[in-house]
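The chains referred to below are lettered A, B, ... by the order of the sequence lines, with proteins before strands, and numbering in each begins at 1.
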Protein chains: 2
Amino acid sequence: MIQSVDRAIRVLGVLQGARLISLSEIATRLELHPSTVHGIIKTLQAHGMVLQDAGSQRYRLGPAVLKLGNVYLDTLELRSRALSWSTELARRTGYAVRTGVLLPDEVMIVHHEPRPDGSRQMQEVGIVIPAHACALGKAMLAYSPEQRDALLASGALRSMTAETATEPAQLTERLAQTRQEALATEQEEAVIGECGLAAPIFDASAAVTGAIGVVIPMLEWPAADTVAGAVRETARNISRELGAPHWPG
Amino acid sequence: MIQSVDRAIRVLGVLQGARLISLSEIATRLELHPSTVHGIIKTLQAHGMVLQDAGSQRYRLGPAVLKLGNVYLDTLELRSRALSWSTELARRTGYAVRTGVLLPDEVMIVHHEPRPDGSRQMQEVGIVIPAHACALGKAMLAYSPEQRDALLASGALRSMTAETATEPAQLTERLAQTRQEALATEQEEAVIGECGLAAPIFDASAAVTGAIGVVIPMLEWPAADTVAGAVRETARNISRELGAPHWPG
DNA sequence: AATTAGATTTGACAATGTCAAATTCGTTGC
DNA sequence: GCAACGAATTTGACATTGTCAAATCTAATT
């Protein structure tokens, strides 16, 4: 582990949390000397990863990070396979479809297929949602023992709504149910008024690489039984295209 | 400039160009010792910026870079201001609307408003286009003398189509015309069949922060005169919201 | 005009990253 | 099934290079 590279990434992490921040505040948060942070920041700035606001002298993320992010999306085989199946799933069910990957304790959305009814929706690619509070996250955690244990051990089950599972035992039970049905559900656990169904996607090494699911407004919950079947089937189809030997896990 | 941080960013740059690449190839391209690259890569990997492919042992970008990129978009005041005006411009003109920022020699799209006719389109946020070969790029370069000179001096006017301006003199002339009309045009210079109009956006310090423009299919070119007016007006309105003292430059 | 908060620069020291060689791992050819 | 190869990884010594504390500069504020 190279110290200065590690510190540079931590600086980016702070910048990610605080949109516009002064050099000395970054130094304080990371418990580093301002001069150390300055050297790192100037290096990042030279590559366009960080910008200095002209007026306030404070720092923020730069455009180079977006370019990197876009290349990541392009290289993701999961995403390219999910594209066509998402359209199909959205058409069949009438709901918005999301595909996500698992970060240490969050799910990151790598594709968002809007509801086919054409209602205007926010662009959601790149957003992150706590893994324990969404169907996509539970679908993946249910089949990723290490990640699940790490999350449970970290004790970071942040509460999002009244329905969020914040107790390890509660989450463990929901994951067991997810495995039983090969389908994860979510009822207003992350966002009030929003429910969801999701199923895990496996790759050629039989490991979870992602999950796909539908977003269902509370008013339309529970969804028709055919929706659950369609989500499972879509996840199985994508898994097969990725070379998964079997589905589920 | 901190050497190892600089090298880490160069490693990311190589990963950006080559989707899946071996450690020794990265080392060769950067003229570094494999062991040096290994230390950097493992640090990046620990933070999820880089992933190692299970089968081939090769490396690729990781999800953490996408998360960073998304935060950049959220912090961009240009983008939030452009959102509502883009919808309006798309509605008035009937064309897809793009907003972009200027990198050293490319334009990066930070917002894409689809054509209001509802035709299905690719998501284009995060893609980059050579600055000298698109209307957005020329709109910004025309009012950014340093960036223009740097680009002309670099001699990197890559040819995209037969119409691309690859000679410095040719580009200089087109930029002069852009300033004269306060509007940049593009006729199949980047992509065959695609034309465009764009105007620059200025911030409170009277510097160019971006550009907004419409994408026009070759078959519908030239567009009605009202389109040019609508593009200029939109750029002026966004500039005013950002606190620009005057428009153009 | 003085004060303060913050960004930046400087220079010495020692921690730290770098390099070359050695080792391990997996794959291909015989 | 064994050997040879290519590639990733590990190790340890050396010297480069990042780090820290103090000093300087800059720009707001009173």
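Here the C1' atom of nucleotide dT17(D) and the CD1 atom of Ile40(B) are 14 Å apart, to the nearest Å. When the P atom of dG6(C) is taken as reference, atom CG of Leu23(A) falls 11 Å away, rounded to whole Å. Spacing between atom CG of Leu20(A) and atom P of dA7(C) amounts to 11 Å, rounded to whole angstrom units. Per the geometry, CG belonging to Leu32(B) stands 15 Å off P belonging to dA8(D), to the nearest Å. At whole-Å resolution of the value, CD in Gln45(A) and P in dA7(C) are 12 Å apart. Distance His33(B) NE2 to dA8(D) C1': 13 Å, rounded to the nearest Å. One interatomic measurement links the two molecules: CG of Asp6(B) to P of dT16(D), which rounds to 19 Å at whole-angstrom precision. Rounded to an integer number of Å, the gap from Ile26(A) CD1 to dA5(C) P is 20 Å.
Terminal axes of the helix from dA1(C)-dT30(D) to dC30(C)-dG1(D) (five pairs each, C1' rotation axis) are separated by 50°, to the nearest 10°.
Side-chain N/O atoms of Tyr59(B) include one lying less than 4.0 angstrom from OP1 or OP2 on dT9(D). Proximity of Gln52(A) to the phosphate of dT8(C): a side-chain N or O atom is located under 4.0 Å from OP1 or OP2.
Within the nucleic acid shown, Glu25(B) has no heavy atom closer than 4.0 Å to any nucleic acid atom.
Position along DNA chain C of the nearest nucleotide to Ser24(A) versus Val5(A) favours Ser24(A) as the more 5'-ward residue.
For the pair Asn70(B) and Val125(A), the tightest heavy-atom approach, listed with the atom from each and the gap, is OD1-O, 3.2 Å. Of all non-hydrogen atoms in Ile9(A) and Thr43(B), the two that sit nearest each other are CD1-O, 4.1 Å. Nearest heavy-atom pair across Ala199(A) and Trp247(A) is CB-CZ2, 4.0 Å. The minimum heavy-atom distance between Lys67(A) and Met108(B), with the atom names listed, is N-SD, 3.8 Å. Scanning all heavy atoms of the two residues, the minimum distance from Gln45(B) to Tyr59(B) falls at OE1-CE2, 4.3 Å. Heavy atoms only, all atoms of each residue included: Val110(A) and Arg79(A) are closest at O-NE, 2.6 Å.
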Just the atom pairs and distances: protein N or O near nucleotides 24-30 of chain D's N or O, under 3.5 Å.
none

Check: protein-nucleotides 11-16 of chain C nitrogen or oxygen pairs below 3.5 Å:
{"residue": "dT16(C)", "atom": "OP1", "partner": "Gln3(A)", "partner atom": "NE2", "Å": "2.8"}

- Task: Give the C-alpha distance, both sets of side-chain angles, the deciding distance and a yes or no for side chain to side chain donor-acceptor pair (under 3.5 Å) between His47(A) and Asp6(B).
- Result: CA-CA 8 Å; His47(A) 289 272; Asp6(B) 179 63; 2.5 Å; yes
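Counting heavy atoms from C-beta on, the side chains of Glu241(B) and Asn237(B) never come closer than 4.5 Å.
Partner of Met140(A) under the side-chain contact (heavy atoms from CB on, under 4.5 Å) criterion, chosen from Val208(A), Ile201(A), Leu175(A), Thr178(A): Val208(A). Test His111(A), Glu124(A), Glu113(A) against Arg98(A) for side-chain hydrogen bond (donor to acceptor under 3.5 Å, both in side chains) and you get one pass: Glu124(A). Partner of Gln177(A) under the side-chain hydrogen bond (donor to acceptor under 3.5 Å, both in side chains) criterion, out of Arg174(A), Gln180(A), Glu181(A): Glu181(A) alone.
Rounding to the nearest 0.5 angstrom, the gap separating the CG atom in Leu12(A) from the CD1 atom in Ile40(A) is 9.5 Å.
Closest contact between the side chain of His38(A) and the listed nucleotides dT9(D), dA7(C), dT8(C) involves dT8(C).
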